[in-house]
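Presented below is the structure to which this report refers.
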Amino acid sequence: MLVDLDYFFAQAEEVRNPTIQGKPVVVCVYSGRSEDSGAVSTANYIARKYGVKSGMPIFQAKKKLENADAVFLPVDYTFYEKTSAKVMNILRNHADSFEQVGIDEAYLGVSQKTGGDFEKTKDLVQRIKDELKTQLKLTCSAGVGPNKLIAKIAADTQKPDGLTVIKPEQVEAFLASLPVSRLIGVGAKTKEKMQALGINTVGELAKYDVQKLIAVFGKALGAYFHNAALGLDDEPVQERGEAESISRISTLKQNTRDSSLILEKANQLCDEIHATVMQQRLAFKTVGIIAIMADLSMHTRSKTLENAVNELEIMKKTAKELFEKLLIETELEVRRIGVKVSNFTKEQESQKQLTSFFDSSHT
DNA sequence: GTATGCTTTCGGC
DNA sequence: TTACGGCCGAAAGCATAC
């Protein structure tokens with residue numbers, strides 16, 4: 001099953017301060033540039049009825065909520081992380097296997113516990129929902145299915161406070177009318193390609209000849225699409241390791257092309273990233289940068305190093321090179337910048353031994 | 001041709 | 001110079017290798 005907390009940040013705020021319940025609640029990321037500069041992170045369903053959405057500029061949300069007695073709050077990630085940890089502890093206790101996805105979502109494998117009985121599973125989900133409600137005052141939307149693919153789509157069907165169970169014999173009918181874009185792996189381009197083949201729904205995709213799919217999308221992708229359309233998925237529910245990337249991004253006080261100002265901020269971001277990298281004992285092989293220009297266009301550059309490293313100075317030097325290159329290749333002023341590291345390897349004992357071997361061999 | 005890896009952009013929350 | 005976040009993983013495009 002998949003459990004997904006409803007409008008998580010805004011709901012956490014409602015729990016912390018119940019007096020705002022019943023009002024539109026908008027959680028915002030303020031950039032600090034001017035009074036209302038920034039964007040909406042998430043909003044409760046009351047605010048959504050007014051047309052407020054994630055990613056929307058704060059001033060637009062305020063306009064939509066004029067005279068609506070709305071509450072605008074700054075994001076408090078530390079508080080949401082603590083709340084999330086409590087939720088995940090409860091969820092983990094009810095699962096044979098567990099996989100957290102992001103801050104507000106988790107897959108629970110429960111086949112052993114329930115013997116694969118979907119009625120029992122439904123009762124179990126209801127108990128989990130009740131427990132989250134009584135202990136943490138939080139609602140969630142849950143989806144139950146024979147695998148992760150179906151559980152996820154089921155959970156998205158009914159929100160907020162939903163509970164959708166798709167039994168194996170219901171899978172075919174459940175999927176048939178859905179647009180192909182509901183499948184993970186089908187983005188805008190793939191959707192267009194499928195449309196050109198006369199495929200619009202998952203049902204149509206299921207009936208389409210596998211060999212033709214493979215001819216168009218390649219062996220792995222074609223086979224994946226075919227199976228997914230049939231509701232087949234054998235991805236295990238398993239604990240996730242470290243994140244695949246760690247990044248920091250920040251809005252500059254004013255737009256600029258002054259490389260010393262940009263690099264000063266970039267170095268700050270590198271310091272923060274490096275602290276996290278060291279904390280988690282990671283080594284990174286790829287360093288990337290992002291620049292959002294005055295016109296909000298996005299530009300990225302990245303470099304994959306010869307070996308995985310953890311040195312702050314290498315991160316800063318690589319970021320510097322990438323920003324300098326990017327500034328040459330565009331003429332717009334820069335509004336926001338970010339740094340990202342990825343391609344991690346956990347630092348192994350063997351690497352340290354190797355290093356000390358070389359060190360000692362030179363002495 | 002297909003698989004794989006790297007780079008850049010997109011999109012959800 | 002006065003109207004837009006921060007972070008993540010997925011998607012897509014391209015280069016290279018077999």
Winner on side-chain proximity to A:Ser37, out of B:dC6, C:dG5, C:dG6, is C:dG5
Output yes when at least one side-chain N/O atom of A:Ser31 is less than 4.0 Å from OP1 or OP2 of C:dC4, else no.
no
Please determine, by modelled atom types, if A:Asn17 and A:Glu13 share a side-chain donor-acceptor pair under 3.5 angstrom.
no
B:dC13 phosphate, OP1 or OP2, under 4.0 Å from A:Thr42 side-chain N/O
no
Between A:Lys23 and A:Asp69, is the closest basic N to carboxylate O distance under 4.0 Å?
yes
Using the side-chain heavy atoms of A:Ala243, tell me which of these nucleotides is nearest: C:dG9, C:dA11, B:dT8.
C:dG9
When you check the phosphate oxygens OP1 and OP2 of B:dC6, does a side-chain N or O of A:Thr286 lie under 4.0 Å from one of them?
no
Side chain A:Glu204, main chain A:Ile199, donor-acceptor under 3.5 Å
no
How is A:Asp36 classified with respect to the nucleic acid when contacts are heavy atoms under 4.0 Å: base, sugar-phosphate, or nothing?
nothing
Return whichever of A:Gly218 or A:Met298 has its heavy-atom-nearest nucleotide of DNA chain B closer to the 5' end.
A:Gly218
Please classify the nucleic acid contact of A:Ser250 as base, sugar-phosphate, or nothing, using heavy-atom distances under 4.0 Å.
sugar-phosphate
So the salt bridge (Lys or Arg N to Asp or Glu O under 4.0 Å) pairs with at least one residue in residues 49-63 of chain A (sequence neighbours excluded) are A:Asp36-A:Lys62
Which of C:dG5, C:dC8, C:dC4 is nearest the side chain of A:Leu296? It is C:dC4
Among B:dT8, C:dG5, C:dC7, the one nearest A:Arg335 by side-chain distance:
C:dG5
Describe the nucleic acid contact of A:Ser247 in one word from base, sugar-phosphate, nothing, applying a heavy-atom distance below 4.0 Å.
sugar-phosphate
Between P on C:dC8 and CD on A:Glu105, what's the gap in Å once rounded to a whole number?
16 Å
Enumerate all atom pairs, one protein N or O and one N or O from nucleotides 13-15 of chain C, separated by less than 3.5 Å.
none

Would you tell me if any nitrogen or oxygen in the side chain of A:Arg336 comes within less than 4.0 Å of OP1 or OP2 on C:dG5?
yes
In whole angstroms, the gap separating P of B:dC6 from CD of A:Glu306 amounts to 11 Å
Base C:dG5 paired with A:Ser41 side chain (donor-acceptor, <3.5 Å):
yes
With under 30° as parallel and over 60° as perpendicular, where do the rings of A:Tyr80 and A:Phe9 fit, or are they tilted in between?
parallel
For the CE atom of A:Met1 and the CZ atom of A:Phe118, what is their distance to the nearest 0.5 Å?
10.0 Å
When you compare B:dG12 with C:dA3, how far apart are their P atoms, in angstrom units rounded to a whole number?
27 Å
From the list A:Arg127, A:Lys133, A:Gln126, side chain to side chain donor-acceptor pair (under 3.5 Å) with A:Asp130 holds only for A:Gln126
Can you find a heavy atom in the side chain of A:Asn255 that is under 4.5 Å from one in the side chain of A:Arg33?
yes
Determine the contact category for A:Ile290: base if any of its heavy atoms lies under 4.0 Å from a base atom, sugar-phosphate if only primed atoms, P, OP1 or OP2 are that close, otherwise nothing.
nothing
Considering only the P atoms, how many Å lie between C:dG5 and C:dT1, rounded to the nearest integer?
15 Å
Quick check on C:dA12: is either OP1 or OP2 less than 4.0 Å from any side-chain nitrogen or oxygen of A:Thr190?
yes
A:Glu244 side chain: which of C:dA10, C:dG5, B:dC6 is closest?
C:dA10
Name the closest nucleotide to the A:Ile249 side chain, picking from C:dG5, B:dC13, C:dC7.
C:dC7
Within the pair A:Thr304 and B:dC6, is there a side-chain N or O less than 4.0 Å away from OP1 or OP2?
no
Donor-acceptor contact present, side-chain A:Arg48 to main-chain A:Ala43, <3.5 Å
yes
Just checking A:Val101: base, sugar-phosphate only, or nothing, at a heavy-atom cut-off of under 4.0 Å?
nothing
Does the side chain of A:Thr256 come under 3.5 Å of the side chain of A:Asp258 through a donor N or O and an acceptor N or O?
no
Considering every strand and a 4.0 Å limit on heavy-atom distances, what is the contact class for A:Glu192: base, sugar-phosphate, or nothing?
nothing
Whole angstrom is fine here: how far is it from CD1 in A:Ile103 over to P in C:dG5?
21 Å
Within less than 4.0 Å of OP1 or OP2 of B:dT7, is there a side-chain N or O belonging to A:Arg301?
no
Between A:Arg301 and A:Glu329, is there a salt bridge with N-O shorter than 4.0 Å?
yes
Within residues 54-67 of chain A, residues whose heavy atoms come under 4.0 Å of DNA chain B
A:Ser54
